[in-house]
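Contents: one structure, followed by commentary.
Throughout, numbering of the chain's residues begins at 1 and tracks the sequence. Keep in mind it's a predicted model, so treat the numbers as computed, not measured.
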Amino acid sequence: MEKTNVPELFGSLVFNDREMKKRLSADVYTSLKKTIDENARLEENVADAVAEEMKNWAIENGATHFTHWFQPLTGVTAEKHDSFIEPTNDGGVVMEFSGKELIKGEPDASSFPSGGLRATFEARGYTAWDPTSYAFIKDHTLCIPTAFCSYSGDALDKKTPLLRSMQAINRQAKRILKLFGTEANYVRTSVGPEQEYFLVDKEVFSKRPDLKYTGRTLFGAMPPKGQEMDDHYFGVIKPRVTEFMEDLNQELWKLGILAKTEHNEVAPAQHELAPIYSTTNIATDSNQLTMEIMKKVASRHGMECLLHEKPFAGVNGSGKHNNWSISTDTGINLLSPGKTPYENAQFLLFLAAVIQAVDDYQDLLRLSVATAGNDHRLGANEAPPAIISIFLGDELTAILNAIRDDKPYEGTENVVMKLGVHSLPRFSRDTTDRNRTSPFAFTGNKFEFRSLGSSNSIACCNIMLNAAVAESLRQYADILEKSDDFEADLHALIKKVITDHQRILFDGNGYGEEWIKEATEVRGLSNLRTTADAMPHLLDKKNMDMLMAHKVFTETELHSRCEIMLENYVKTVNIEGLTMVDMVRKNYLPAIERYLYRLAETTNLMRQVSSNVKCNYEVSTMERLSELTDHILDAVKALENVLARFKEIDDIFESSAFVRDEMLPSMDVLRKYVDEAEMLTSQRDWPFPSYGQLLFSVN
């Protein structure tokens, strides 16, 4: 690959601040920046000027079309392309793009998930430009990041609630900062989502219907070697994967995506890409693009990129660690302790807000990462359990305990922690070990939410996290704004929060059975193991009240999202069940029968040669495979019956419970028998590539 001037390449396909400053007049640029930074109204003449220069820039970079690029509730992105051409009277065309076209689009909304917000005949929907996220060029098309809503104004996407949640936390955080005398025009959350993925050979992938239809292997016996030697993690990257990563980096850098770290992950064929932090809505856009481009680049290199949370049973699943922090426009990280007493106290109050938010709304955080795929991943192989808890590390835990108990902190200073008077000892970034079993871990100046699945949009979990923390801050501001003795009331407030929400803090092994028992029976934490368990809690009164109070969702939007997410869950598993039946009926049973026939033929021939030949291998294998064939037939009939019963259920809550309690267990039984049969059937007769062929296909 040719050497690349990365600084020149970076953002070359993005209409970023550098391009806007160069191309727009000073007045237009200033007005647009005010819209971006302060949510000021965008004037029509400013939109026209921006559209003209955006079009000129796009055409110079090879674009012929534009699209409003949005994120509907399908979990992927959507786009409708229009060319810049407009006819002229002499039979030619000119290239035009107006402010009106920039600001508003009108895609058909009828076929996107709406959860009852829209009827099929109510097709009209609108996309609205999000000026806080830069436009970019992809495949010769100018892509304009937008929000998506219905004709009645209901949000039909993931971006709109995300932007609302960012506004909510901005409002409440500024109230708190004002009390500390901290200057800030705005407060924004930022995210760095680590993206895990698998790479398998495209030719091998193409021979697995389950991977093509569902994204995961529904059958497959483990090969002799998996990840038990720990030799793949951070190992030397294979040449073919290196070429993919180099190509991927260049494509991402062109789009201004801050791809930073790449390495082999734990499982064979598994890898990770981590970006530098960016503002949450921009990070969300960038991550959606990253997943799309990963697949495109992998295909160019003769590979398939798997983003499913659990494409292979028995080895690591793929997550997307959501590294979340909160900062001011002046560069102050509000989750960094600082050096002065008031900075220490301010840090502890924001830390308390996160602790309370995670405890009060643990169900919202759990359901924000709930999908059929992620249900398979959570709880093993370095994925956190379904129970939400917070890991703080030894030093910070000791500090909070000292505050709670009004005892001296026996660290670098032996003082009673009276906030705003005595200094919190400087808290360095790496004072404690990591806890990979923790769903929500403090890692120095940010929290790492580890429960998110690899294929999910990061919008969902950040919506809930932003809103929940905003609610904690609102409560604190309501108390402290009325205080006559700020320092005393601040100390009392932090002490109360630490005491009341102690149950959510846990630094131990999240996989242990003793933790599950302690968490649920002693601490009273939720253990929402599946999507069917978690998603209905979106409609709990406390959750709806909070999300509506901060104007993140309306009541109808909440009901629609609950229905959409449960529909996605049941449809996903139903497709998996149908795929299993199809593979067993058309491929696995005939393959086993062919092998049994060959074994029987061989046995007869051998006994014709000599009556002393025992044929132990042939006979014992035939006997067990014959038994397994009967078991497989019974299991596939049972699954077919379950699938038929599923069709008769109309209520989405009933159908999701049915999937959890009936369909998934039936699928597990069928898989168990087929996987055993794979171990007894010759490779020549087995119809699909094995786990070994898939996991070790890229050299």
Side-chain angles (χ1 to χ4, degrees), residues 115 154-155 158 160-162 164-173 175-176 189 324 349-370 386-390 439-440 447 449 451-452 459-479 493-494 496-506 519-566 652-653 656-657:
D154 294 306
K158 299 190 175 186
T160 303
L162 179 63
R164 292 171 182 169
S165 74
M166 291 171 67
Q167 288 182 356
I169 199 168
N170 173 57
R171 277 194 305 269
Q172 303 305 328
R175 292 176 65 192
I176 295 295
T189 56
W324 180 93
L349 189 62
F350 277 93
L351 179 67
V354 176
I355 292 170
Q356 179 176 338
V358 174
D359 189 18
D360 286 347
Y361 298 102
Q362 55 189 275
D363 48 359
L364 282 182
L365 292 179
R366 171 64 184 94
L367 67 86
S368 74
V369 300
I387 300 169
I388 301 294
S389 63
I390 297 177
F440 204 87
F447 277 96
F449 188 22
S451 300
L452 185 62
C460 300
C461 69
N462 286 295
I463 289 168
M464 299 309 179
L465 185 53
N466 288 346
V469 174
E471 172 59 17
S472 297
L473 295 174
R474 181 200 65 77
Q475 294 177 23
Y476 302 167
D478 286 350
I479 293 169
L493 175 60
I494 293 177
K496 184 177 189 306
V497 171
I498 295 167
T499 303
D500 291 350
H501 299 281
Q502 190 75 27
R503 66 174 186 166
I504 203 71
L505 304 178
F506 177 67
T520 55
E521 297 180 13
V522 179
R523 300 193 183 202
L525 300 178
S526 301
N527 185 16
L528 305 173
R529 298 180 63 244
T530 71
T531 300
D533 297 317
M535 198 56 63
H537 288 282
L538 182 61
L539 303 183
D540 288 356
K541 186 178 185 304
K542 75 172 179 69
N543 295 334
M544 292 184 67
D545 286 349
M546 183 273 287
L547 291 166
M548 290 190 293
H550 289 282
K551 296 181 170 54
V552 175
F553 290 107
T554 65
E555 183 174 356
T556 53
E557 288 169 353
L558 285 168
H559 281 279
S560 74
R561 274 153 181 77
C562 184
E563 182 175 331
I564 289 166
M565 297 310 294
L566 285 175
I652 191 62
F653 296 100
S656 63

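Heavy-atom minimum distance, A155 versus R561: O-NH2, 3.0 Å. Scanning both residues, A467 and L547, for their nearest heavy atoms gives CB-CD2, 3.8 Å. Contact record, D360 with H501: OD1-CE1, 3.1 Å, taken as the closest heavy-atom pair. Between I176 and A477, the shortest heavy-atom distance links the atoms CD1-N, 3.7 Å. Looking at every heavy atom in both residues, A532 comes nearest to P536 through O-CD, 3.3 Å. L539 and L558 get closest at one heavy-atom pair: CD2-O, 3.8 Å.
By the 4.5 Å heavy-atom criterion applied to side chains, F440 and I355 are not counted as neighbours. At least one side-chain heavy atom of L365 sits under 4.5 Å from a side-chain heavy atom of L465. Side chains of C460 and K158 form a contact here, defined as non-hydrogen atoms less than 4.5 Å apart. Counting heavy atoms from C-beta on, the side chains of E557 and M548 never come closer than 4.5 Å. N462 has its side chain out of reach of F449: every pair of non-hydrogen atoms, C-beta onward, lies at least 4.5 Å apart.
In this structure, CG in D154 is found 11.5 Å from CD in E555, a value given to the nearest 0.5 Å. Put simply, CG on L351 and OG on S472 are 11.0 Å apart, with the number rounded to the nearest 0.5 Å. Atom CD1 of I494 sits about 13.5 Å away from atom NZ of K496, to the nearest 0.5 Å. If you take CG on L364 and NZ on K542, they are separated by 5.5 Å, rounding to the nearest 0.5 Å. Interatomic distance, CZ of R175 versus CG of N170, reported as 12.5 Å (0.5 Å rounding). The line from CG of L162 to SG of C461 is 9.5 Å long, rounded to the nearest 0.5 Å.
The closest donor-acceptor contact from the side chain of R503 to the backbone of A519 lies at 3.5 Å or more, if one exists at all. In this structure, Q362 contributes its side chain and D359 its backbone to a donor-acceptor pair below 3.5 Å. A donor-acceptor pair under 3.5 Å links the side-chain atoms of D533 to the main chain of T530, judged by distance alone.
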* Determine, stepwise, if the pair H550 / N466 fulfils side-chain contact (heavy atoms from CB on, under 4.5 Å). => CA-CA 10 Å; H550 289 282; N466 288 346; over 6 Å; no

* Test V358 against F447 for side-chain contact (heavy atoms from CB on, under 4.5 Å), laying out the working first. => CA-CA 11 Å; V358 174; F447 277 96; over 6 Å; no

* Apply side-chain contact (heavy atoms from CB on, under 4.5 Å) to the pair I504 and Q356, showing each step before the final yes or no. => CA-CA 9 Å; I504 203 71; Q356 179 176 338; over 6 Å; no

* Go through the steps to decide whether F506 and L525 satisfy the test side-chain contact (heavy atoms from CB on, under 4.5 Å), and finish with yes or no. => CA-CA 11 Å; F506 177 67; L525 300 178; over 6 Å; no

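Between the side chains of E471 and Y361, no donor-acceptor pair of N or O atoms lies under 3.5 Å. No donor-acceptor contact under 3.5 angstrom links the side chains of Q167 and R164, judged on distance only.
Within a 6.0 Å sphere centred on CZ of R529, other residues, nucleotides and ligands contribute 12 heavy atoms or fewer.
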